[in-house]
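Structure first, commentary second.
One is the number of the first residue; the rest follow in order along the sequence.
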Amino acid sequence: MFDSTPLSFTILGTGALGGFYGSRLLLGGASVRFIAHSDVDWIRAHGLRVDSPLGDQHHQPVEVYADSDPIPPSDVVCIALKTTQNAQLPDLLAPLVGEGTVILNFQNGLTLEEELAARFPQTTVIAGLCFLCSNKVGPGHIVHLDYGRVSLAALDKRGGDWLPRLQAAFAAGGIETDVQPSLRAARWRKLAWNIPFNGLSVLLDRNTDAIMADPEARVLAERLMQEVADGAAACGVPFDPDFIPKLLTITERMAPYAPSMRLDFQAKRALEIEYMYRRPLREATRHGVRLPAVETIASQLSILDRPA
């Protein structure tokens with residue numbers, strides 16, 4: 001039996017991911033506060049719009065704040081910022097978290113939750129691994145294309161009591177969830193998609209459907225996936241034998257999609273290389289395994305990421 005009291009959420013980052021999940025949580029009856037940056041005034045004036053196969057939504061008014069505003073406390077603080085902004089996270093989170101606050105981390109990459117727990121030991125840290133095709137197309141305007149499932153994985157046993165409550169909150173908004181027993185295993189499985197398709201979408205200038213349709217590009221994606229599997233196995237969390245074929249089938253069926261790194265590159269924003277590539281490479285090397293194709297992709301992305 002778990003506490004059925006509705007949860008309150010603060011969404012730190014109202015972009016493609018934070019805007020979508022915040023909208024669904026609102027629809028499910030949760031109290032949701034959004035923190036926005038460049039479009040905070042727009043959202044205050046015009047609301048938050050989410051176009052989705054699940055049903056288009058226009059939330060107006062919404063409770064939206066700039067990060068410098070005093071913000072009431074919430075049960076759960078969701079991190080929906082890019083990892084390129086993680087240097088700012090301690091200062092951004094400090095006024096939002098207290099004893100017993102849950103940090104639900106939606107970011108991609110490796111070693112994220114451990115860093116959060118070290119900085120904020122009074123909190124409960126849970127990963128929310130999102131399989132979502134969603135883009136921000138304008139101020140306060142999100143377009144959800146496909147998927148949306150969230151895998152929840154607690155960093156330690158303190159998260160166990162919160163998982164059913166989080167699942168209930170997402171279910172009320174029409175979002176499927178599952179609970180993963182191993183955070184590290186869940187993180188490596190997510191990297192098996194993110195490492196090949198984010199990187200290749202930039203380097204080949206193609207969306208997922210075009211990558212999958214090109215025989216040579218697909219072979220390269222599979223090679224990168226297999227190297228991620230090698231890294232995961234070296235770190236003690238091997239994939240099931242059918243995991244990569246299933247992931248490729250899911251990607252084939254996906255609506256044509258521009259991964260977030262491609263959109264960042266096109267918009268001349270910093271790329272999420274550190275946590276998505278360098279940290280996994282570091283962990284694999286620490287366990288005696290090199291991932292040469294992943295190293296090459298990471299190096300090429302780093303060159304493109306340098307200021308002109």
No-hydrogen, no-angle side-chain donor-acceptor test under 3.5 Å, [X] and [Y]:
| X | Y | value |
| --- | --- | --- |
| His141 | Asp51 | yes |
| Arg262 | Asn198 | no |
| Ser23 | Gln57 | no |

Donor-acceptor check, side chain of [X] to backbone of [Y], threshold 3.5 angstrom: yes or no?
| X | Y | result |
| --- | --- | --- |
| Glu272 | Thr83 | yes |
| His144 | Asp146 | yes |
| Asn207 | Pro256 | no |
| Glu63 | Arg33 | no |
| Arg165 | Thr5 | yes |
| Gln180 | Ala153 | no |
| Asn135 | Val143 | no |
| Ser134 | Ala16 | yes |

### Task
Walk me through it: do Ser52 and Arg24 pass the test side chain to side chain donor-acceptor pair (under 3.5 Å)?
CA-CA 11 Å; Ser52 170; Arg24 302 312 302 183; 5.0 Å; no

[Y] side chain reached by [X] side chain, heavy atoms, under 4.5 Å:
| X | Y | answer |
| --- | --- | --- |
| Leu12 | Leu93 | yes |
| Leu92 | Gln85 | no |
| Leu110 | Trp188 | yes |
| Trp162 | Leu104 | no |
| Ile211 | Thr251 | no |
| Val294 | Ile195 | yes |
| His58 | Leu48 | no |
| Ile250 | Trp193 | no |

### Message
The criterion is salt bridge (Lys or Arg N to Asp or Glu O under 4.0 Å); which residues satisfy it with Arg290, sequence neighbours excluded?
### Response
Glu295

### Task
Please list, chain by chain and in numerical order, all residues satisfying salt bridge (Lys or Arg N to Asp or Glu O under 4.0 Å) with Asp67, sequence neighbours excluded.
none

### Task
Starting from the C-alpha separation in whole Å, work towards a yes-or-no answer on salt bridge (charged side-chain N to carboxylate O under 4.0 Å, His left out) for Arg218 and Glu252.
CA-CA 10 Å; Arg218 179 179 173 131; Glu252 282 180 328; 2.4 Å; yes

### Task
Before giving the answer on salt bridge (charged side-chain N to carboxylate O under 4.0 Å, His left out), spell out for Arg49 and Asp56 the whole-Å C-alpha distance, their side-chain angles and the decisive distance to 0.1 Å.
CA-CA 8 Å; Arg49 175 181 168 187; Asp56 296 345; over 6 Å; no

### Query
Between Arg187 and Glu283, does a salt bridge (charged side-chain N to carboxylate O under 4.0 Å, His left out) hold up when you go through it step by step?
CA-CA 12 Å; Arg187 280 287 176 200; Glu283 289 298 299; over 6 Å; no

Determine whether more than 12 heavy atoms belonging to other residues, nucleotides or ligands lie under 6.0 Å from atom [atom1] of [X].
| X | atom1 | answer |
| --- | --- | --- |
| Glu216 | CD | no |
| Arg223 | CZ | no |
| His37 | NE2 | no |

#### Entry: Check against salt bridge (charged side-chain N to carboxylate O under 4.0 Å, His left out), Asp69 and Arg44
CA-CA 13 Å; Asp69 294 333; Arg44 284 171 177 163; 2.7 Å; yes

### Task
Starting at SG of Cys133, measure out to CZ of Phe20 and round the result to the nearest 0.5 Å.
10.5 Å

### Query
Is the Lys NZ or Arg CZ of Arg279 less than 6.0 Å from the centre of Tyr275's six-membered ring, within 45° of the axis?
yes

### Task
Tell me, with the steps shown, if Thr10 and Ser74 meet side chain to side chain donor-acceptor pair (under 3.5 Å).
CA-CA 6 Å; Thr10 294; Ser74 296; 2.7 Å; yes

### Message
Angle between ring planes, Phe170 versus Phe106, binned at 30° and 60°: parallel, tilted or perpendicular?
### Response
perpendicular

### Query
Tell me, which pairs form a ring-ring contact (aromatic ring centres under 6.0 Å, His included) where one or both residues lie in residues 230-274, sequence neighbours left out?
Phe239-Phe243

